[in-house]
Amino acid sequence: MRKNIVAGNWKMNTTLQDGQALISEIVNMVQDEATGSAVEVVVCPPFPFLSAIGRQLPQGGRFHLGAQNCHQKETGAFTGEVSAKMLQSVGAEYVILGHSERRQYFGEDDELLSQKLKAALAAGLKPIFCVGESLETREADETFNFISKQLKDGLFHLSNEEFDQVVIAYEPIWAIGTGKTATSQQAQEVHAFIREQIARAYDAEAALNTSILYGGSANAQNARELFSQPDVDGGLIGGASLKSRDFTEIIKSF
Ligand code: PGA
């Protein structure tokens with residue numbers, strides 16, 4: 001069965017010291033406050049802090065370590081890049097791929113993302129694969145066509161076994177970092193659509209078993225309403241994951 005997941009995407013924020021203070025607060029609050037045990041928490045700090053933050057996470061519990069990106073090749077002369085295998089070797093279990101900021105600012109297209117997905121899976125990482133439309137696309141009433149194409153071109157080339165490892169995040173670009181959250185109805189509508197596409201590309205069981213997270217200005221105030229939707233299995237949280245109280249409240253929203 002699919003899992004409820006709250007993932008914190010720290011993006012390019014914090015120093016090592018700030019990050020360590022933040023994660024120790026989060027771990028303490030989550031442990032103290034009897035949050036529903038059925039929620040998996042994935043923390044995705046910047047590359048240089050992965051080992052250190054990973055060591056602060058209680059082992060064998062609900063906390064898991066994730067990275068924000070990886071290179072598509074396993075090793076080699078790619079100065080400045082980080083491979084999936086390296087991430088796995090420092091304790092990462094997840095990797096965010098296809099985030100709209102990577103697509104937009106770093107020109108990552110479906111072809112490249114397909115290769116990154118393969119590399120992540122080969123290294124034993126679970127990809128959190130992001131899709132989501134721009135405001136322009138939404139206003140042109142093209143959201144479903146757009147999402148369907150992102151899924152087809154970027155993701156649905158995976159085998160059934162590979163796809164089993166994937167978490168999907170629906171992140172409307174117009175909601176990311178803008179304070180403008182999708183309504184729970186808007187989120188539910190797209191999540192249900194994504195699940196339907198999975199059923200078509202794979203089968204009903206795969207559709208039922210895939211966790212689909214919502215991302216885009218999710219916060220302590222709106223998380224409960226968003227997570228109450230039948231096809232919303234959690235959140236990919238940016239800004240609010242940098243505040244221990246807010247992030248803990250979001251985890252407690254289940
Ligand atoms: P936000 O970012 O919560 O700050 O809108 C979400 C994301 O980009 O993953």
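Order of listing sets the numbers, starting from 1, for every ligand and every atom in it.
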Quiz prompt | CZ/Arg245: more than 12 non-hydrogen atoms of other groups inside 6.0 Å | solution =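 More than 12 within 6.0 Å, yes.
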Check: [X]/[Y] side-chain N/O donor and acceptor closer than 3.5 Å:
{"X": "His99", "Y": "Gln68", "result": "no"}
{"X": "Ser83", "Y": "His71", "result": "no"}
{"X": "Trp174", "Y": "Glu133", "result": "yes"}

With atoms numbered from 1 as shown, which atoms in ligand 1 lie under 4.0 angstrom from a non-hydrogen atom of [X]?
{"X": "Gly216", "result": "5 (O)"}
{"X": "His99", "result": "7 (C), 8 (O), 9 (O)"}
{"X": "Glu171", "result": "6 (C), 7 (C), 8 (O), 9 (O)"}
{"X": "Asn9", "result": "9 (O)"}
{"X": "Ile176", "result": "2 (O), 5 (O), 8 (O)"}

Quiz item: Between Leu87 and Val95, is a side-chain contact (heavy atoms from CB on, under 4.5 Å) present by the stated rule, with each step listed?
Solution: CA-CA 8 Å; Leu87 297 175; Val95 60; 4.2 Å; yes
Exercise. Could you find the nearest protein heavy atom to atom 3 (O) of ligand 1 and give me its residue, atom name and distance?
Key: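 Here the nearest protein heavy atom works out to Gly238 N, 2.9 Å.
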Quiz item: So, does Ala240 sit close enough to ligand 1 that a heavy atom of it is under 4.0 Å from the ligand?
Solution: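 It does not; every heavy atom stays at 4.0 Å or beyond.
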Exercise. Examine ligand 1 and decide if any of its atoms is less than 4.0 Å from a heavy atom belonging to Ala175.
Key: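 So Ala175 counts as touching ligand 1.
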So, is [X] polar-close to ligand 1, with some N/O to N/O distance under 3.5 Å?
{"X": "Thr178", "result": "no"}
{"X": "Gly239", "result": "yes"}
{"X": "Gly177", "result": "yes"}

Quiz item: What residues form a side-chain hydrogen bond (donor to acceptor under 3.5 Å, both in side chains) with Gln104, not counting sequence neighbours?
Solution: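 Here no residue qualifies.
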Quiz prompt | Residue pairs, two or more places apart or on separate chains, that pass ring-ring contact (aromatic ring centres under 6.0 Å, His included) and touch residues 182-207 | solution =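 For residues 182-207: Phe144-Phe193, Phe156-Tyr202, Phe163-Tyr202, Tyr170-His191.
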